[in-house]
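Accompanying notes for the structure given below.
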Amino acid sequence: MRPEDIDYKRPVTECHSCSDLASEMAAALAAASIVFKDSKTYSDKLVKGAKALYKFGRLTRGRYSPNGSDQAIFYNSTSYWDEFVWGGAWMYFATGNNSYLTIATAPGMAKHAGAYWFGSPNYGVFTWDDKLPGAQVLLSRLRLFLSPGYPYEEILRTFHNQTDNVMCSYLPLFNSFNFTKGGLIQLNHGGPQPLQYAVNAAFLASLYSDYLEAADTPGWYCGPNFYTTEVLRKFARSQLDYILGKNPLKTSYVVGFGNKYPKRPHHRGASIPHNGVKYGCKGGFKWRETKKANPNILVGAMVAGPDRHDGFKDVRTNYNYTEPTLAANAGLVAALISIADIPTGRYSIDKNTIFSAIPPMFPTPPPPPSAWKP
């Protein structure tokens, strides 16, 4: 049914030990509190909620997707350790409280989160299930700009080095991941719905290049070879260009963008007409199965994407090609914003606002003595 017409029960699942979900929600609220820091009452409310959620996640350990549950079928969570690191990093930025940084940089935490699994097939793939690559980039920012030193330096240096390695793995010449003939990186190893992973990688690469540039660092090393930040931006642009139409089919995978784009996204609100008729649960299936284009254009939605041979079927019932998701669109928006030239200057980022809650790292030196008078 169209969301506006739903009249059946939509039960809420209650969760009593879901460290991953609670820590992810804490990360979201903590990050938002920085965005809204000029609205103090609202920002404080977000921090309060984030603290409660993160504490809950730490105290009652467990995954939100127990075996056999609906969530395990659709969005299974393999562990909560990466969310502890991710949530801890954002909590530290939002509050300036060192206890959160201590959690995020605990050696055991990094180990459990998979920080040392370099060489495993999904290392460096930033997804709704694995926040570690994002957390490593975020904490590299802390090291690059504030350099908090002991006792955090060892793990921060490790995360920084691992971020360098992840960036190397995105480059075609290292053969960590295959690319389609058209140039799309296969972060899920040829599996379906590849675009959600590609946009996240494009975002991290573009953002990390901004961090390096803002820290007056012209690039990074992959083994003995030095690569400039432009190499990362070129990778990010290549993935976004592919998605926006520079691919063998010359089709945009963002609905409503370009001359040719998917006309049948797997989306009930877009595929059921708004014609004054209330279609019940069964009635909606008629529209799902039709070969006609969607009556409502879902402007801005990125579909799941092509297969590993750059092929695409604009078929509503095949969600592996045509399903848009919130998780994927979040990565697309982040990547587009990070690669765009913005008015404050090319490739610039705001170095300081994200750290505004963090107290000075080192004590202010005393004022110089007054001049000696004989």
Side-chain angles (χ1 to χ4, degrees), residues 15 17-64 77 79-115 126 128-156 158-160 162-163 204 207 211 330 334 349-361:
C15 175
S17 57
C18 38
S19 306
D20 37 20
L21 185 58
S23 302
E24 172 59 36
M25 290 170 75
L29 295 181
S33 77
I34 300 168
V35 174
F36 293 108
K37 75 179 185 62
D38 292 335
S39 309
K40 190 169 184 321
T41 307
Y42 183 54
S43 183
D44 289 349
K45 192 176 179 181
L46 292 168
V47 170
K48 187 180 177 185
K51 284 178 176 174
L53 280 159
Y54 195 68
K55 185 178 179 182
F56 170 75
R58 296 276 298 147
L59 288 175
T60 56
R61 302 288 173 94
R63 292 181 306 125
Y64 97 111
S77 173
S79 104
Y80 49 75
W81 299 100
D82 53 307
E83 277 87 7
F84 280 166
V85 178
W86 174 242
W90 280 114
M91 291 301 298
Y92 175 61
F93 285 174
T95 65
N97 184 328
N98 284 346
S99 65
Y100 294 118
L101 185 58
T102 301
I103 294 169
T105 57
M109 193 71 74
K111 184 182 169 194
H112 286 309
F126 188 32
W128 44 261
D129 182 27
D130 188 4
K131 313 295 161 36
L132 183 67
Q136 288 173 323
V137 171
L138 192 59
L139 289 166
S140 295
R141 176 178 185 143
L142 177 66
R143 183 173 188 254
L144 279 165
F145 297 140
L146 294 192
S147 193
Y150 181 83
Y152 315 108
E153 169 61 16
E154 189 181 344
I155 293 292
L156 289 179
T158 300
F159 283 163
H160 193 167
Q162 287 165 341
T163 298
L204 291 188
L207 187 63
Y211 288 178
I349 56 165
D350 175 348
K351 278 164 65 167
N352 302 317
T353 301
I354 200 169
F355 301 132
S356 52
I358 298 173
M361 286 285 161

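Just so it is clear, the model here is predicted, and its values are computed rather than measured. Just the heavy atoms: all of them, side chains too, but no hydrogens, waters or symmetry mates, feed the values below. Along the sequence shown, residues are numbered consecutively beginning with 1.
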With side-chain hydrogen bond (donor to acceptor under 3.5 Å, both in side chains) as the rule and sequence neighbours excluded, what pairs involving residues 145-156 come up?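 Applying side-chain hydrogen bond (donor to acceptor under 3.5 Å, both in side chains) to every pair that reaches into residues 145-156, excluding sequence neighbours, yields R143-E153.
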Could you note down all residue pairs passing side-chain hydrogen bond (donor to acceptor under 3.5 Å, both in side chains) where residues 27-41 supplies at least one of them, sequence neighbours left out?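 Qualifying pairs: K40-D44.
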Heavy-atom check, side chain of [X] versus side chain of [Y], under 4.5 Å:
X: L101; Y: L142; value: yes
X: D82; Y: H112; value: no
X: F56; Y: C18; value: yes
X: I349; Y: R141; value: yes
X: W90; Y: V85; value: no
X: L138; Y: F93; value: yes

Heavy-atom closest contact ([X] atom, [Y] atom, distance):
X: T353; Y: I34; answer: O-CG2, 3.9 Å
X: S140; Y: F159; answer: OG-O, 3.8 Å
X: G114; Y: L132; answer: C-CD2, 3.7 Å
X: Y80; Y: D20; answer: CB-N, 3.5 Å
X: E83; Y: Y54; answer: O-CE1, 4.4 Å
X: A30; Y: A94; answer: O-CB, 3.6 Å

Check against side chain to side chain contact (heavy atoms under 4.5 Å, CB included), L139 and H160: CA-CA 8 Å; L139 289 166; H160 193 167; over 6 Å; no
Strictly distance-based, threshold 3.5 Å: is any side-chain N or O of [X] a donor or acceptor partner for the main-chain N or O of [Y]?
X: S17; Y: G62; answer: no
X: R63; Y: S77; answer: yes
X: Q136; Y: Q162; answer: no

How long is the span from the [atom1] atom in [X] to the [atom2] atom in [Y], to the nearest 0.5 Å?
X: F84; Y: K131; atom1: CZ; atom2: NZ; result: 12.0 Å
X: K111; Y: T158; atom1: NZ; atom2: OG1; result: 14.0 Å
X: S19; Y: Y64; atom1: OG; atom2: OH; result: 13.5 Å
X: S23; Y: I103; atom1: OG; atom2: CD1; result: 9.0 Å
X: I354; Y: L146; atom1: CD1; atom2: CG; result: 10.0 Å
X: D130; Y: S79; atom1: CG; atom2: OG; result: 7.5 Å

Residue of the set Y92, Y100, W128, F126 for which ring-ring contact (aromatic ring centres under 6.0 Å, His included) holds with W86: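 That would be F126.
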With a sphere of 6.0 Å drawn around CZ of F145, does it hold more than 12 non-hydrogen atoms of other residues, nucleotides or ligands? yes
Check step by step if side chain to side chain contact (heavy atoms under 4.5 Å, CB included) holds for L29 and V47. CA-CA 7 Å; L29 295 181; V47 170; over 6 Å; no
